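All remarks here apply to the structure that follows.
Proteins come first, then strands; the chains are lettered A, B, ... in the order of their sequence lines, and each starts at number 1. Just so it is clear, the structure is predicted and the values come from calculations on it, not from any experiment.
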Amino acid sequence: AQSVTQLGSHVSVSEGALVLLRCNYSSSVPPYLFWYVQYPNQGLQLLLKYTTGATLVKGINGFEAEFKKSETSFHLTKPSAHMSDAAEYFCAVSDRVAGNNRKLIWGLGTSLAVNP
Amino acid sequence: DGGITQSPKYLFRKEGQNVTLSCEQNLNHDAMYWYRQDPGQGLRLIYYSQIVNDFQKGDIAEGYSVSREKKESFPLTVTSAQKNPTAFYLCASAPGAENSPLHFGNGTRLTVT
């Protein structure tokens, strides 16, 4: 069965610093990969996704992620953190259940704090 | 604007009562999902539906029930059999294509005392 590991349940950075949120997955075949962001008391919003093709994926709000098959990783980065980036970030991997059904496997999330 | 509407935002119930959470979407999506979110546990799938009048249990379906009588609606009932119902509940939808991302509502926070 697939699994998703997000290293670090809490990450704290200074405003303007690099943001790096780690995600590793286990899968026997290349999966579809997603990063979502959740602001307090709200639903989740898609940041970016990898399906096929270019391994460096650009998303909204200046975030990007690189799919590294050899490392089974899909780490999320942003060159310069902004106060508004403070939120919970979730990595997810698709798992083909049967037929056209698709089930997402979720990481436990990483809470990002941005210090002034 | 198209989207997913969950209501109410906050819900309070006494132990032993059933409660129904509403989820409506106007995105014309085929698939709909219910997740439960608890601190430190990420998202756990309760039920999902790929088409009208059909739904499947997720990982934690015990104590919950759903219906899918209309494409745009997927209500979740939290029954008195659910041992620990206090949580944040998220509804989501997707077009149904294999790699399509989920669209989420803003959630309902249920507190049972």
Legend entry - Residues of residues 36-74 of chain A near chain B, each having a heavy atom less than 4.5 Å away: A/Tyr36, A/Gln38, A/Asn41, A/Gln42, A/Gly43, A/Leu44, A/Leu46, A/Lys49, A/Thr51
Inset, instruction - Mark yes or no for whether B/Gln6, through its side chain, and B/Lys9, through its backbone, hold a donor-acceptor pair below 3.5 Å. - result: no
Legend entry - Lys NZ or Arg CZ of B/Arg109 over B/Tyr10 ring: under 6.0 Å, within 45°: no
Legend entry - Student check: side-chain heavy atoms of B/Pro85 and B/Leu110 closer than 4.5 Å: yes
Legend entry - Exam field: side chain A/Ser94 to backbone A/Tyr32, donor-acceptor pair closer than 3.5 Å: yes
Inset, instruction - Heavy-atom pairs under 4.5 Å with chain A are the metric here; pick the option from B/Leu90, B/Ile4, B/Leu43 that has the most. - result: B/Leu43
Inset, instruction - Report yes or no: do B/Thr77 and B/Thr20 form a side-chain donor-acceptor pair below 3.5 Å? - result: yes
Inset, instruction - Would you indicate whether the side-chain heavy atoms of B/Arg68 and B/Asp54 approach each other to under 4.5 Å? - result: no
